[in-house]
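What's counted below: heavy atoms across the whole structure, side chains too, no hydrogens, waters or symmetry copies. We name chains A, B, ... by the order of the sequence lines, and we start the count at 1 in each one.
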2 protein chains.
Amino acid sequence: MRRAFDERAREIGVTRPQWQVLSVLLRHEGIKQGGLAEILEVEPITAGRMIDRMQDAGLVERRADPADRRAWRLFLTPRGREMMERLQPLAIETSEAALKGVSEKDQEDLLRTLDTMLENLTGRPATTASWSE
Amino acid sequence: MRRAFDERAREIGVTRPQWQVLSVLLRHEGIKQGGLAEILEVEPITAGRMIDRMQDAGLVERRADPADRRAWRLFLTPRGREMMERLQPLAIETSEAALKGVSEKDQEDLLRTLDTMLENLTGRPATTASWSE
DNA sequence: GGTCAATACTAAGCAAGCCTACTAATCCTG
DNA sequence: CAGGATTAGTAGGCTTGCTTAGTATTGACC
């Protein structure tokens with residue numbers, strides 16, 4: 001799915017992980033980098049570097065946290081918001097293409113089994129939100 | 001699973017993709033780089049770079065193809081073979097840990113559904129061999 | 001209030017994935 | 001057999017993931 005999405009999104013100039021960042025920011029504007037990293041299940045440095053590039057590309061904005069001078073608060077730029085609108089159809093298209101001919105029940109079973117496996121491996125309870133993540 | 005395997009394999013000094021290479025070579029010694037790339041579902045350049053590193057580490061060996069001067073034939077070194085023996089238990093351990101509490105039927109359903117999705121996205125018929133891949 | 005641990009992030013450096021562009025060799029077709 | 005298309009692999013350069021090591025700030029405890 002990463003490959004399929006990237007293929008379609010390349011001309012727009014955004015990768016799947018970057019889309020995930022935009023997607024998280026849309027719902028959690030003002031989040032700190034650490035929080036973003038946790039949601040994406042990556043290390044803070046990975047999120048930080050991604051934000052570096054996306055800031056250069058004008059997709060996100062870092063603002064100083066008024067209460068903690070170590071931290072950054074993350075915000076979408078207008079360009080980032082516009083990008084999301086262009087990517088949304090692609091994301092839906094991709095997951096629909098992948099799930100063609102897969103019954104509702106099979107989809108639920110799949111997510112349930114994968115959650116069990118993730119929990120087995122990480123020790124944390126898994127919280128799969130949707131197909132888009 | 002990548003993360004869980006890497007965590008255990010780190011001290012041995014091999015990554016999960018490298019283990020996959022060793023695993024393919026064990027069953028297909030003398031394969032060309034392109035063939036390896038195809039089995040791993042990775043671009044030839046990715047496989048080539050991996051072989052570079054593994055050759056430096058003394059795990060695999062490149063031998064000239066007698067029939068085609070463009071191509072390399074790949075072989076395990078004794079060190080690579082020994083590495084496989086140390087990694088086999090880790091691989092089994094990891095997939096058993098992941099699948100704890102997942103019924104046979106759920107495992108089959110999972111693989112079947114994922115195969116369908118892979119086929120949907122790639123157009124190629126999917127051929128999942130086992131949990132180890 | 002001073003010290004020390006914890007927290008938020010960055011730096012450097014590596015592996016693995018990709019794309020585009022290249023060389024060298026082989027193969028096919030006239 | 002010559003020439004062009006295809007195939008096998010490499011080079012450079014990008015993103016994303018990691019680990020280890022560092023800085024700066026905050027917070028907690030005596």
To the nearest Å, how far apart are [X] [atom1] and [N] [atom2]?
| X | N | atom1 | atom2 | answer |
| --- | --- | --- | --- | --- |
| B/D65 | D/dG9 | CG | P | 8 Å |
| B/E41 | C/dC18 | CD | C1' | 15 Å |
| A/E7 | C/dG17 | CD | P | 17 Å |
| B/L22 | C/dA15 | CG | P | 15 Å |
| A/R69 | D/dG27 | CZ | P | 12 Å |
| B/W72 | C/dA24 | CH2 | C1' | 13 Å |
| B/R63 | D/dG9 | CZ | P | 16 Å |
| A/R10 | D/dT15 | CZ | P | 14 Å |

When all nucleic acid strands are considered with a 4.0 Å heavy-atom cut-off, which category describes [X]: base, sugar-phosphate, or nothing?
| X | result |
| --- | --- |
| B/R62 | sugar-phosphate |
| A/R53 | base |
| B/D68 | sugar-phosphate |

**Study point:** Neighbours of DNA chain D within residues 42-49 of chain A, by heavy-atom distance under 4.0 Å
**Key:**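 Residues of residues 42-49 of chain A that come under 4.0 Å of DNA chain D are, in numerical order, A/V42, A/E43, A/I45, A/T46.
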Any side-chain N or O of [X] less than 4.0 Å from the OP1 or OP2 oxygen of [N]?
| X | N | result |
| --- | --- | --- |
| B/R2 | D/dG17 | no |
| A/Q18 | D/dT16 | yes |
| B/Q33 | D/dT10 | yes |

Exercise for review: Following the transitive rule for hydrophobic clusters with a side-chain heavy-atom cut-off under 4.5 Å over Ile, Leu, Val, Met, Phe, Trp and Tyr, establish whether A/V60 and A/I12 coincide in one cluster.
Suggested key: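 Yes.
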Review point. Considering only heavy atoms and no angle criterion, is a donor-acceptor pair shorter than 3.5 Å present between the side chain of A/R70 and the base of C/dA8?
Key: no
Point to revise | side chain to side chain contact (heavy atoms under 4.5 Å, CB included) partner of A/T113, the single match among B/L99, B/V102, B/L111 | key: B/V102
Review point. Passes salt bridge (charged side-chain N to carboxylate O under 4.0 Å, His left out), A/R81 versus A/E29? Steps please.
Key: CA-CA 11 Å; A/R81 222 172 283 276; A/E29 257 196 318; 3.0 Å; yes
Point to revise | Polar side chain donor-acceptor pair, B/S23 to B/R27, under 3.5 angstrom | key: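 There is such a pair (donor and acceptor under 3.5 Å, judged by atom type) between the side chains of B/S23 and B/R27.
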Exercise for review: Determine, for B/K105 against B/D109, whether the closest basic-nitrogen to carboxylate-oxygen distance falls under 4.0 angstrom.
Suggested key: yes
Review point. Between B/R69 and B/D65, does at least one N-O distance fall below 4.0 Å, as a salt bridge requires?
Key: no
Review point. Considering the options A/R62, A/R73, A/E38, which one meets the side chain to side chain donor-acceptor pair (under 3.5 Å) requirement together with A/Q33?
Key: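 For A/Q33, the side chain to side chain donor-acceptor pair (under 3.5 Å) check succeeds only for A/R62.
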